[in-house]
Amino acid sequence: MYQVLYRKYRPKVFADVYGQDHITSTLKNEIKNGRVSHAYLFTGSRGTGKTTCAKILAKAVNCESNIDGEPCNECEVCKGLDNGSIYDVVEIDAASNNGVDNIRELRDETNYAPSRGKYRVYIIDEVHMLSTGAFNALLKTLEEPPAHVIFILATTEVHKLPATILSRCQRFDFKRIQPETMAVRLKEVAEKEGLTLDDDAAVLIARIADGALRDGLSILDQCAGRSKEINSKLVSEVAGLAGKEAMYKLSDCIANKDCNGAMSVISELYQNSFDMERLCVEMINHFRNFLVAKTVRKSRELIICTDDEYNMIIEASKSFTVEEIINALDLFQNTLVTIKGGATARIEVEMAFVKLCEPKLDESITSILERISLLERSVSSGSVIKPVNTQTVQPNAVNDTAYVNQEAPQNNEKAEEIKPQPQTEAVVQEAPTQEDKPEPEPTVQPAYQPSTQPTADSNETVEFDRWGEFMDVLHQTNIPLFGVLSGSKGYVRGQFFLIDSPNPTVRDFIKMPMHSKSIKKALYDVTGIQYKLGLFKRTGDAPTQKRDPLEDLINQVSGSFNIEIK
């Protein structure tokens, strides 16, 4: 019967245990000097060698001729323990034997002397699964066991053990096996099995195993079932990874804001049965490498990859800022949590990429901070923008409200004046009501510094340069009107404030006293000037777009610093 690699190549002496030198050296010295404890606690993540070291320790203390603390594996006791003919080492699975009665039976068995070796060794795996009553039943025996008994407790969740248990054991913490160390072991096993394992493939397996050598050997076993020639592409297929090429394609799409390209790559991966949850994990690792490359001086030591891939990581990370990388990591982490909660994996991953490719759709704090950072960089290195073309159209004022029809200027040429057209169904003018009359100037000071707009007797028509501040004030006082005016612009001509909006409902809104008052009040708070309202109507305008939360900030910075923000 075929024996899987992690069982076939399980270490039989401490020297064969990889990545746990701090533990194996201590255990060998204790055995060599005759200072063996009565209780040990082995803790660490899965696949790091806890049970393996427990079995080696059990053999070493019973070996008839151990060599420098190592079991000889040649004497009758070592062979008997390996083939199961000697029962002085007892392995117990605490997950299925976690009751008080099970521990009482164990406690009664400790009174019997070992049949062949020096010690009777009890290895209790996953000891954190014992019930509270079982722990209490074990306490006294664990503290003062018979002289011929040794307890070895193994667990992956040491925080669940009572302090009374911890204080009675010698504790050894098993570390995750470093990828470089694991890659060496994988190549050694592959050579013994007659397999050809590329360096890139060994590193990739070690990275996927995440410090668990048992997992790494299992992946190698799967790859060996497909081919004797094992490369990184085969490992990616066996493990369900998207591969380096797909990772870099997706990160390039995010950097270039290419939503269409990202969705195409995801669709291709999905059609090829790549796991979307695993894709999310791989993107987290991918952007983690970018983060390390941009924030750590000696990043090569912290990124597990080949030299060629490291150069690719350094080059690709230049397309991102630290804020963008952190935002992507946060978004992928949240997506992973949502997927584990039962959401549709593909949809959640696609939503994450759409948000990263279209930052305007992500209104999270992290995304806003990232975009503000981008804006700050644009301000510091911004180019000079072209001045706003002035308009020469005389507003057609009717009492307090004016409606102006004008063709949009093109090719930076000065717009020609067009005489007001007779009233049609498209433009309806009504006499202002009593409530629509200008309010007296407030006695309080305006909330903002006055804008540099034309004086009341000026005939010049210019774009209102504080539209963002005006919209911020309006958002606090009249949210429906704020929504109607989103995507609009304002112009100032003398005592008139002209609203240029592609939304046809604006005309009806500003005729309503409540909304006209809100506009005038917001204008006064921003500029300290009382304006009459008018409608600046263009023809051939582009469709209304959704308001971007940073649009007003960009407009404000553009007007203040006279630069172009792209």
Side-chain angles (χ1 to χ4, degrees), residues 45-46 179 200-201 203-212 215-216 218-220 222-223 225-226 231-292 303-305 309 312-313 316-317 319-320 324-364 366-367 370:
S45 60
R46 71 184 192 283
D200 289 351
V203 171
L204 181 57
I205 293 175
R207 192 174 66 187
I208 297 171
D210 193 24
D215 293 354
S218 296
I219 296 173
L220 179 62
Q222 286 181 275
C223 294
R226 293 275 297 271
N231 52 33
S232 57
K233 182 178 180 181
L234 177 61
V235 174
S236 297
E237 293 176 357
V238 169
L241 301 182
K244 292 186 295 184
E245 296 81 5
M247 294 295 102
Y248 285 102
K249 284 182 182 179
L250 289 171
S251 60
D252 287 343
C253 289
I254 294 173
N256 298 325
K257 308 304 179 188
D258 182 8
C259 184
N260 181 64
M263 297 294 280
S264 299
V265 174
I266 294 173
S267 176
E268 182 181 351
L269 294 174
Y270 185 79
Q271 295 302 323
N272 290 325
S273 300
F274 285 114
D275 182 44
M276 292 292 104
E277 182 177 341
R278 171 63 72 173
L279 173 61
C280 194
V281 173
E282 285 299 300
M283 289 304 300
I284 292 173
N285 293 332
H286 191 56
F287 274 88
R288 178 260 177 192
N289 290 338
F290 288 171
L291 182 64
V292 172
I303 299 178
I304 309 304
C305 61
E309 185 178 357
M312 294 174 62
I313 291 172
S317 66
S319 302
F320 297 91
E324 289 172 334
I325 295 172
I326 292 176
N327 178 48
L329 285 170
D330 284 340
L331 190 53
F332 283 126
Q333 291 279 15
N334 294 335
T335 301
L336 187 60
V337 172
T338 306
I339 291 174
K340 290 183 179 295
T344 305
R346 180 182 181 180
I347 295 176
E348 292 297 327
V349 171
E350 289 176 338
M351 287 172 57
F353 277 96
V354 169
K355 288 181 179 179
L356 290 173
C357 294
E358 297 288 346
K360 295 179 181 180
L361 301 179
D362 188 3
E363 298 182 357
S364 64
T366 307
S367 177
E370 173 211 330

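Note that the structure is a prediction, hence the values are computed from the model and not measured. By convention here, the first residue in the shown sequence is residue 1.
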query: Checking Asn231 side chain against Lys233 main chain: does a donor-acceptor pair fall under 3.5 Å?
result: yes

Heavy-atom check, side chain of Met263 versus side chain of Val354, under 4.5 Å: yes

- prompt: Do Met312 and Lys244 have side chains that get closer than 4.5 Å, going by heavy atoms?
  reply: no

- prompt: Can you tell if the side chain of Lys249 reaches within under 4.5 Å of the side chain of Asp252, non-hydrogen atoms only?
  reply: no

task: Begin from the C-alpha positions of Glu282 and Arg207 and carry the test side-chain contact (heavy atoms from CB on, under 4.5 Å) through to its verdict.
output: CA-CA 11 Å; Glu282 285 299 300; Arg207 192 174 66 187; 4.0 Å; yes

statement: Note: Phe290 and Ser317 closest approach over all heavy atoms is CD2-CB, 3.9 Å

- prompt: Is Ile339 close to Val349 at the side-chain level, that is, under 4.5 Å between some pair of heavy atoms?
  reply: yes

message: Nearest 0.5 angstrom please: Thr335 OG1 to Met283 CE, how far?
response: 11.0 Å

query: When rounded to the nearest 0.5 angstrom, what distance separates CG in Leu291 from CD1 in Ile325?
result: 6.0 Å

- prompt: Taking it one step at a time, do Met247 and Leu279 satisfy side-chain contact (heavy atoms from CB on, under 4.5 Å)?
  reply: CA-CA 9 Å; Met247 294 295 102; Leu279 173 61; 3.3 Å; yes

- line: Between the CD atom in Glu309 and the CG atom in Asp200, the distance rounded to the nearest 0.5 Å is 7.5 Å

message: If you compare all heavy atoms of Lys355 against all heavy atoms of Leu331, which two are closest, and at what distance to 0.1 Å?
response: CB-CD2, 3.8 Å

field: Interatomic spacing from CD1 in Ile219 to CD1 in Ile205 - rounded to 0.5 Å
entry: 6.5 Å

query: Quick one: does Ser264's side chain have a donor or acceptor within less than 3.5 Å of a partner on Asn260's backbone?
result: yes

task: Report yes if some heavy atom in the side chain of Ile208 is under 4.5 Å from a heavy atom in the side chain of Asp215; otherwise report no.
output: no

- request: Taking all heavy atoms of Ala209 and all of Arg46, pick out the closest pair and write down the distance.
  value: O-NH2, 4.3 Å

- prompt: Where is the tightest heavy-atom contact between Ala262 and Phe353, given as atom of each residue plus distance?
  reply: CB-CD2, 4.3 Å

message: Once you measure the plane-to-plane angle for Phe320 and Phe287, does it fall in the parallel (<30°), tilted (30-60°) or perpendicular (>60°) bin?
response: perpendicular

Closest approach of Ser319 to Glu324 (non-hydrogen atoms, all atoms of both residues): O-OE1, 3.9 Å

message: Check this for me: does any side-chain nitrogen of one of Glu350 and Arg346 sit under 4.0 Å from a carboxylate oxygen of the other?
response: yes

- request: Using the six-membered ring wherever Trp is involved, compare the ring planes of Tyr248 and His286 and label them parallel, tilted or perpendicular (cut-offs 30° and 60°).
  value: perpendicular

task: Identify the heavy atoms of Gln222 and Val238 that sit nearest to each other, and give their distance.
output: CB-CG1, 3.5 Å

- prompt: Atom CD in Glu245, atom OG in Ser232: separation rounded to 0.5 Å?
  reply: 7.5 Å

- prompt: From Asn285 CG over to Asp210 CG, what is the distance, rounded to the nearest 0.5 angstrom?
  reply: 8.0 Å

